[in-house]
Amino acid sequence: MDSSYVPGEIERKWQERWEATRLYQVKDDDPRPKRYELTMFPYPSGDLHIGHWYAMAPSDAHARYMRMRGFNVLHPMGFDAFGLPAENAAIKRGIHPYVWTMDNIQRMRGQLRSMGSMYDWSREVVACLPEYYKWTQWFFLKFYQSGLAYKAKAPVNWCPSCQTVLANEQVLPDGTCERCGTTATHKEMEQWFFRITRYAEELLNYDGLEWSERLRTIQTNWIGKSVGAEISFRLEREVSGVKDLKVFTTRPDTVFGVTFVVVAPEHPIVPHLTTPERQAEVAEYVSNTRQLTDIQRQSTEKEKTGVFTGSYVVNQLNGDRVPIWISDYVLVSYGTGVVMGVPAHDARDFEFAKKYGLEIKVVIAPPDWPGDELEAAYIGPGRMVNSGQFNGLDNEQGFEAICESMEKNGAGKRTISYRIRDWLVSRQRYWGAPIPIVYCEHCGIVPVPEEKLPVLLPPDAEFKPTGESPLKGVASFVSTTCPRCGHPAQRETDTMDTFMCSNWYYLRYTSPGYDKGPFAPEKVKKWMPVDLYTGGIEHAVLHLLYSRFFIKALRDMGLVEFGEPFIRMYNQGLIIRGKHKMSKSRGNVVAPDQYVSQFGADTVRAYLMFIGPWDQGGDWNDSGLAGVNRWLARVWNLVDSGYRSTTVDAASEARIRRATHKTIKRVTQDLDAFRFNTMIARLMELTNELGEVQRAGNISGGEWKSAVECLLLMMAPSAPHLAEELWEKQGGDYSVHNQRWPEWEEELTREDEITMVVQVNGKLRDRISVSQSVSEGEAREMALSSARVRQYVDGKQIRRVIYVPGKLINVVV
RNA sequence: GCCGGGGUGGCGAAAUGGCAGACGCGGCGGACUUAAAAUCCGCUUCCCGCAAGGGAGUGUGGGUUCAAGUCCCUCCCCCGGCACCA
């Protein structure tokens with residue numbers, strides 16, 4: 001043995017050489033077919049932790065594999081550099097967000113390089129630099145011009161800790177802020193919104209996308225499409241010019257069963273509907289409702305409450321006069337904020353009617369219904385009764401017939417309702433792209449002209465979280481002149497949600513230095529869409545949904561020619577530690593650096609791939625690192641200690657050739673399916689076989705060399721430094737990463753001697769060795785003549801013999 | 001409550017309806033060494049047995065099948081999504 005495996009030395013050596021020779025620089029005019037493989041860019045929080053490596057090492061291996069498969073692979077990296085932690089650091093430690101962020105980026109670049117990844121750093125994108133956010137602002141203007149950005153006063157989510165508004169998507173199901181975990185509250189504020197709702201229907205279509213069902217379901221649920229009808233109920237007495245109440249329902253077929261109408265307590269019409277004698281009671285109920293948190297209010301355990309307003313509406317389909325109630329089970333933000341109460345056919349309405357003694361009128365007969373009172377709401381299908389001219393129809397036909405009839409007489413119309421709301425994009429924080437808008441006394445809202453971009457963040461803001469943007473306090477920033485009329489005017493002081501930055505960074509990678517627009521159209525045309533995108537599923541209704549919307553909008557503006565940014569999406573799992581997600585604030589972050597210095601980057605990379613299925617994640621445990629390191633050292637010794645052939649025999653040569661080809665096949669298939677864990681296992685197996693051969697010396701030097709070469713080529717994506725070093729030692733051309741991925745021959749993967757399992761009544765009794773080409777008769781005879789089988793068969797009648805070619809024989813007695 | 005995903009050795013995990021536990025960790029034994037570390041070799045699901053061998057076994061209970069971790073049904077547990085959305 002000449003030397004031992006010292007990863008630190010070879011990793012530094014090759015990282016320098018790769019950089020010096022620009023090995024990973026991607027050329028736009030490369031004739032090979034393009035392939036865009038992207039990993040979500042990280043937030044520069046300070047240090048790369050093991051979770052980052054878990055996201056990046058396997059995706060880097062896959063990109064390297066595709067490169068060896070003959071693709072011109074674009075695999076870039078950058079930094080999602082705007083965001084709150086930078087500002088919090090400024091508040092806490094007096095460091096300017098810019099300095100804090102850029103320092104972190106500098107450190108993380110080094111850590112990313114130490115991973116041995118193939119990122120083309122000449123394409124790096126940093127979202128907080130003016131050369132980048134200039135274009136983020138430019139997109140804002142495009143959205144504004146297209147009518148997709150608007151300012152409106154609306155009830156919004158507010159995080160009291162972050163001191164800013166949040167998009168609906170940033171509030172977790174339990175009502176807390178997704179960033180800091182504080183319970184969000186509501187405020188009525190004038191804010192900027194993007195009209196994602198305009199694309200709700202199209203966003204439900206995933207044709208041509210290879211996304212997991214899980215991910216699609218999350219988005220589909222979030223969009224929340226309901227098909228139904230909007231129905232007008234005429235107010236018995238007109239209030240402040242309003243003649244009717246509109247409701248949204250998915251069950252227009254039950255409209256004859258309406259016995260009350262319920263309005264959301266905070267609906268603006270409520271005071272007008274309330275009769276004088278009910279005023280006190282209603283006011284009290286409304287104020288109680290406002291004090292409930294969303295979680296309290298939406299708890300399904302909570303008993304229904306409500307009060308009568310004193311007013312009535314008339315059901316235009318049957319002339320029924322029904323009371324108007326208010327109740328907190330009706331949400332002002334969904335549908336029209338008014339619900340028709342059909343207690344016989346809706347569980348919630350049933351509960352409400354029971355409690356307040358309201359009539360329960362059956363209009364869809366359950367099967368075999370004797371006509372008595374219902375014990376519970378009947379939701380299922382049935383024949384229509386008590387429904388005038390529609391009696392006798394089954395309810396599905398009734399749905400259509402009633403809609404048609406209502407559309408004729410104007411009482412209602414078919415409509416579709418979505419749960420998704422427009423995206424709130426403004427934030428009351430400093431470290432983001434300023435919204436490029438000016439407010440002028442004469443001209444109103446005026447967009448900053450394109451040629452005046454970027455609107456630079458002033459460096460000298462005061463970072464106290466006051467609930468208003470720190471930019472508000474920077475007089476030199478705020479006061480400006482109106483771009484339209486030249487009079488004194490004021491700038492918008494809110495900044496954009498950082499998800500706006502990540503909406504388009506993948507476009508920028510295609511032409512990072514371009515200064516005539518956010519991207520060079522021909523480069524985007526060449527590289528987009530992204531063929532493979534990998535990242536965490538926690539972005540399902542955030543970045544991944546926003547980006548789809550963003551690209552569809554750009555397409556409709558004529559800026560791009562495709563409607564989906566990411567063709568194949570793969571969500572890796574989460575590395576946790578002690579039940580919790582790794583986070584700086586929790587203090588459970590595991591740094592890879594110590595492991596890299598102890599075992600080398602190749603070991604850490606391969607170990608992260610080896611620990612289990614990539615989509616599964618798991619609790620961090622470093623006990624297996626040594627095993628993977630041992631494997632790499634064995635591979636090192638395989639090459640480094642040389643091979644001496646002694647007694648060459650054909651069977652051994654055939655065996656190692658078969659093992660090699662089988663491994664190529666399995667490893668290739670595993671990589672195609674992101675099964676990194678079994679890929680590593682297969683490579684270990686081949687290594688073990690080669691170890692035996694090396695000790696025995698029973699194959700020729702030529703066979704040895706070609707098997708070892710295949711092993712190194714297959715290891716190049718996972719352990720790029722080791723493979724490169726050993727490839728060179730073997731006399732291979734620079735670089736192993738420019739070599740073609742090996743191919744297998746199906747013929748060579750086949751065994752000629754196979755072990756056949758012999759079962760008696762399904763229990764394993766013996767194994768026999770037979771030739772690949774054995775006939776059923778021969779195999780059967782061999783099986784039945786085995787002493788161990790006869791022990792169980794003799795004296796019994798053979799009823800059946802099952803023969804599975806190449807696998808087993810099962811004798812049934 | 002509804003919809004996904006999952007439950008396999010001491011641990012991380014493998015397994016087109018056809019040898020359960022590949023690969024690795026850990027453990028045990030051996031070689032090398034004065035010794036240890038490192039390395040290499042062997043064993044390692046559990047139970048009975050000196051052994052040969054036998055029996056049991058993939059959350060639970062049932063079913064289909066010559067054959068079930070894998071398919072079907074029941075129930076339990078864990079993770080994720082949705083949940084008063086009319």
Side-chain angles (χ1 to χ4, degrees), chain A residues 1 4 173 212-222 224-226 228-229 247-251 254 262 264 297-302 304 327-331 333-342 345-349 351-352 417-420 537-538 540-541 573-574 576 579 606-607 610-613 615-628 630-631 633-634 637 666 675 677-688 691-692 695 755-767 788 791 799-813:
Chain A
M1 198 178 295
S4 54
S212 68
E213 166 160 5
R214 178 175 172 217
L215 179 54
R216 295 196 318 258
T217 305
I218 293 173
Q219 290 200 348
T220 300
N221 284 343
W222 184 257
K225 178 181 181 175
S226 298
V247 306
F248 173 75
T249 178
T250 55
R251 294 295 302 274
T254 64
V262 195
R297 176 167 172 176
Q298 289 179 20
S299 159
T300 41
E301 265 105 80
K302 177 174 157 284
K304 301 233 173 324
S327 172
D328 61 10
Y329 81 86
V330 176
L331 307 174
S333 58
Y334 183 77
T336 60
V338 187
V339 160
M340 65 183 205
V342 187
H345 306 294
D346 181 281
R348 298 152 298 183
D349 298 345
E351 195 192 327
F352 193 73
S417 187
Y418 299 92
R419 205 187 70 123
I420 191 174
I537 201 158
E538 67 274 14
V541 296
L574 193 65
I576 56 169
K579 282 241 170 216
Y607 178 63
F610 184 61
I611 47 177
D615 59 2
Q616 197 176 288
D619 212 345
W620 173 251
N621 179 347
D622 58 15
S623 66
L625 270 163
V628 172
R630 277 199 280 270
W631 167 52
R634 279 204 304 277
N637 292 335
R666 289 293 306 271
R675 290 189 298 251
N677 57 330
T678 49
M679 169 196 72
I680 299 287
R682 303 282 88 95
L683 293 172
M684 286 173 170
E685 280 175 322
L686 183 59
T687 305
N688 293 345
E692 278 174 45
R695 280 192 296 280
T755 302
M756 193 164 258
V757 169
V758 185
Q759 297 179 331
V760 177
N761 287 347
K763 279 192 197 252
L764 173 72
R765 293 303 178 192
D766 201 4
R767 298 182 171 92
R788 302 172 41 115
Q791 197 185 327
R799 302 165 69 110
R800 237 175 114 180
V801 177
I802 315 276
Y803 174 70
V804 183
K807 286 263 165 65
L808 77 122
I809 292 172
N810 187 8
V811 182
V812 186
V813 295

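Note that the coordinates shown come from a computational prediction; the quantities given were computed from them, not determined experimentally. We use all heavy atoms of the structure for the numbers below, so side chains are in, but hydrogens, waters and symmetry mates are not. Protein chains get the first letters and strands the later ones, always in sequence-line order, with residue 1 at the start of each.
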| task | Using the P atom as the reference point in each nucleotide, state the distance between B:A20 and B:G54 in Å, no decimals. | result | 13 Å
| Hey, does A:R666 reach any base, or is it just sugar-phosphate, or nothing, if we go heavy atoms under 4.0 Å? | nothing
| How long is the gap from OG1 on A:T755 to CG on A:L808, to the nearest 0.5 Å? | 12.5 Å
| request: Provide the Watson-Crick or G-U wobble partner of B:U33, both distances under 3.5 Å; none if there is no partner. | output: none
| query | Which residue, A:L808 or A:G337, contacts RNA chain B at a nucleotide closer to its 5' end, judged by nearest heavy atom? | reply | A:L808
| message | Is the phosphate of B:A14 approached by A:R675 (side-chain N or O, under 4.0 Å from OP1 or OP2)? | response | no
| query | With respect to the side chain of A:I802, which nucleotide from B:C19, B:C23, B:C66 is positioned closest? | reply | B:C66
| request: Identify whether any heavy atom of A:Q759 sits under 4.0 Å from a base atom; if not, whether one sits that close to sugar-phosphate; answer base, sugar-phosphate or nothing. | output: base
| task | Nearest 0.5 Å please: distance from the NZ atom of A:K807 over to the CE atom of A:M756. | result | 9.5 Å
| Length of the line joining A:D622:CG and B:G26:C1', which is rounded to integer Å | 13 Å
| Given that both distances must come in under 3.5 Å, which nucleotide forms a Watson-Crick or G-U wobble pair with B:G10? | B:C25
| For the pair made of CD1 in A:I576 and C1' in B:C79, what is the distance, rounded to whole Å? | 10 Å
| remark: Of B:G24, B:G55, B:A86, the nucleotide closest to the side chain of A:L331 is B:A86
| said: Applying the Watson-Crick and G-U wobble criteria at under 3.5 Å, what pairs with B:C66? Answer none if nothing qualifies. | reply: B:G18
| field | Nearest-angstrom distance, C1' atom, B:A38 to B:A51 | value | 36 Å
| query | A:W222 side chain: which of B:G12, B:C82, B:A15 is closest? | reply | B:C82
| request: Would you indicate what A:R630 reaches in the nucleic acid, counting non-hydrogen atoms under 4.0 angstrom: base, sugar-phosphate, or nothing? | output: sugar-phosphate
| field | Geometric cation-pi criterion A:K304 and A:Y329, 6.0 Å radius, 45° cone | value | yes
| query | Under a 3.5 Å cut-off for both distances, is B:G1 Watson-Crick or wobble paired, and to whom? | reply | B:C82
| query | Considering only the P atoms, how many Å lie between B:G61 and B:G57, rounded to the nearest integer? | reply | 10 Å
| The side chain of A:M684 lies closest to which of these nucleotides: B:G18, B:G81, B:G24? | B:G24
